[in-house]
Number of protein chains: 2
Amino acid sequence: MVTAMTAEPQTKILVVDDEQMLLDMVADALTFAGFAVTVAADGITALNSVRGERPDLVILDVNMPEPDGFQVARSLRATYPDLPVLFLTARSDIEDLRTGFESGGDDYLTKPFRLEELRLRVGALLRRRGSAEPSAVMRCGDLTMNDRQHLVMRDGEEIELSPTEYRLLHYLLSNTGQVLERPQILEAVWGYEYGDSVLETAISQLRKKVDAGRPKLIHTVRGFGYALRPPP
Amino acid sequence: MVTAMTAEPQTKILVVDDEQMLLDMVADALTFAGFAVTVAADGITALNSVRGERPDLVILDVNMPEPDGFQVARSLRATYPDLPVLFLTARSDIEDLRTGFESGGDDYLTKPFRLEELRLRVGALLRRRGSAEPSAVMRCGDLTMNDRQHLVMRDGEEIELSPTEYRLLHYLLSNTGQVLERPQILEAVWGYEYGDSVLETAISQLRKKVDAGRPKLIHTVRGFGYALRPPP
DNA sequence: GCGAAACCTCAGGGTTTTCTCAGCGGCCCG
DNA sequence: CGGGCCGCTGAGAAAACCCTGAGGTTTCGC
């Protein structure tokens, strides 16, 4: 791997677009502006790339096959609530705009756009985010999750989780104390179009691993949803 | 009659523009969207207003006499680095855009724009800031309800409620002091097509848990309905 | 390709919650 | 003072809600 030898921790940006030409253009412009740019041509690749690369910002084309930009954003939002997302789209439809912001986007740029404007908006988003970087370890009682190392521990013992279980717990942890309604969780962790049973099964599994014997952290709030709460 | 969605402890927005008509339009739209809106017609007034009102977000027209939008923004940035700023402008000049972001703006919208888009962008900025976080605690005397945590307490003690009881109390609390007629409550909590008996039973249950021994909060208004009132 | 792990669906069963109903008691007005 | 309306409350049946295990399919690693 011959990537940058700069000692300076470069800001990483992931650009996702299935249109090769646009992808190149955007990537070049941002690279020229001094960012470390990674690219992905589809949603799945993008999600994997985020997991691996840990970019500081993601630029998403809305109009893609498979998981479109919105779906990718929702998925990201579940696991990385603080990761800024900027949408690119050809349609300037107000409906799209709404969908974009509702799936957790931070900015929205319609094609054709000036590369300069993109650069400026990226700058504004990054400036904001810089100030509020929390530690990567989340906690609730004696349960901890180190997201960088992908390590979950309860009372000193490591807990092994499947990907879905991990994402679910991550979502619960990043909203500790709050009661989360089922559709909300489903949307964040699965990305909609699933029934409640999926959630219930996952919760059941998760409890077996997390709340085994020990005091309960995962609480059912009948009629509403679930909540992660410390014991006292 | 609009049957309001949620009564958030309102988020405050300051709108600054020297064009009266536009100012009104924007202010109205945001008020309708549920924000507490303050207005200012010039930069100086705006700066004073920020000091006094502590808004959660500022919308600035760029093109104003005296201190223009950019100058106001720079001024604000010095004292309130975390206060999000959104620019409005007639010129879509790239130079302006640059100046805007460089003076600390967080977003930039060129006229003409759709009010809906403004609303969405405002939402996105607030979400980031965490300001959209409604403290979400309602109160009546020594009774409190934290809606996010689904936690109801009276005089320091936790009270456990069933879903219906919770929804009912939530509705009463968000209309504290008012006399609510039965059909109104039924529609809000049950969604009609039920008889009065259902309400009466629920009220009865609720009283047992909320007004146990202590001074009455839930009052019957004979011939009309019910009201939640703090003791004198 | 093969096997294992992960995932979704589905149905059975235990609990809690909610609705209905009917009797009781108090308030208002004649 | 008494009748009639209105609202309160308890009990039981019905419904809703949630948990869990099993089975079949897809995904992933080797």
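A, B, ... follow the sequence lines: proteins, then strands. Residue 1 opens every chain.
The only option from A/Ile218, A/Val210, A/Leu173 that meets the side chain to side chain contact (heavy atoms under 4.5 Å, CB included) definition with A/Cys140 turns out to be A/Leu173. Under the side chain to side chain contact (heavy atoms under 4.5 Å, CB included) rule, A/Ile59 has a single partner from A/Leu14, A/Val16, A/Leu30, which is A/Leu30.
Between A/Phe87 and A/Phe70, a ring centre-to-centre spacing shorter than 6.0 Å is recorded.
Within 6.0 Å of CD on A/Glu160 lie no more than 12 heavy atoms contributed by other residues, nucleotides or ligands. The 12-atom threshold is not exceeded at CZ of A/Phe32, counting heavy atoms of other residues, nucleotides or ligands nearer than 6.0 Å. Within 6.0 Å of the CZ atom in B/Phe113, the count of heavy atoms belonging to other residues, nucleotides or ligands exceeds 12. The number of heavy-atom neighbours closer than 6.0 Å to CZ of B/Arg54, taken from other residues, nucleotides and ligands shown, is 12 or below.
Comparing B/Asp196 and A/Arg207 along DNA chain D, the residue whose closest nucleotide (by nearest heavy atom) sits nearer the 5' end is B/Asp196.
Of all heavy-atom pairs spanning A/Asp142 and A/Arg154, the tightest one is OD1-NE, 2.8 Å. For B/Pro163 against A/Arg222, the heavy-atom pair with the smallest separation is CG-O, 3.3 Å.
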Would you give a per-nucleotide map of nucleotides 7-17 of chain C, 5' to 3', where B means the base has a protein non-hydrogen atom under 4.0 Å away, S means only the sugar-phosphate does, and - means neither? SSBB----BBS
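Axis angle across the helix from C/dG1-D/dC30 to C/dG30-D/dC1, with five pairs used at each end and values rounded to 10°: 40°.
At whole-Å resolution of the value, CG in A/Leu206 and C1' in C/dA6 are 15 Å apart. Here C/dT18 presents its P atom at 13 Å from NZ of B/Lys208, a figure rounded to the nearest Å.
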Under-3.5 Å N/O pairs linking protein and nucleotides 3-5 of chain C:
none

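Looking at A/Asp147 and A/Tyr166, their side chains do bring a donor and an acceptor atom within 3.5 Å of each other.
A/Ala29 is linked by a side chain to side chain contact (heavy atoms under 4.5 Å, CB included) to A/Leu115, counting only residues two or more places apart in sequence or in another chain. Residues meeting the ring-ring contact (aromatic ring centres under 6.0 Å, His included) test with A/His170, sequence neighbours left out: none.
Here chain B contacts DNA chain D (any atom closer than 4.0 Å to a heavy atom, that is under 4.0 Å), and the contacts span D/dC5 to D/dG10 from 5' to 3'.
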Apply salt bridge (Lys or Arg N to Asp or Glu O under 4.0 Å) to A/Asp106 and A/Arg77, showing your working. CA-CA 11 Å; A/Asp106 293 279; A/Arg77 193 53 73 235; 3.6 Å; yes
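Heavy atoms of A/Tyr226 sit under 4.0 angstrom from primed sugar atoms or phosphate atoms, though from no base atom.
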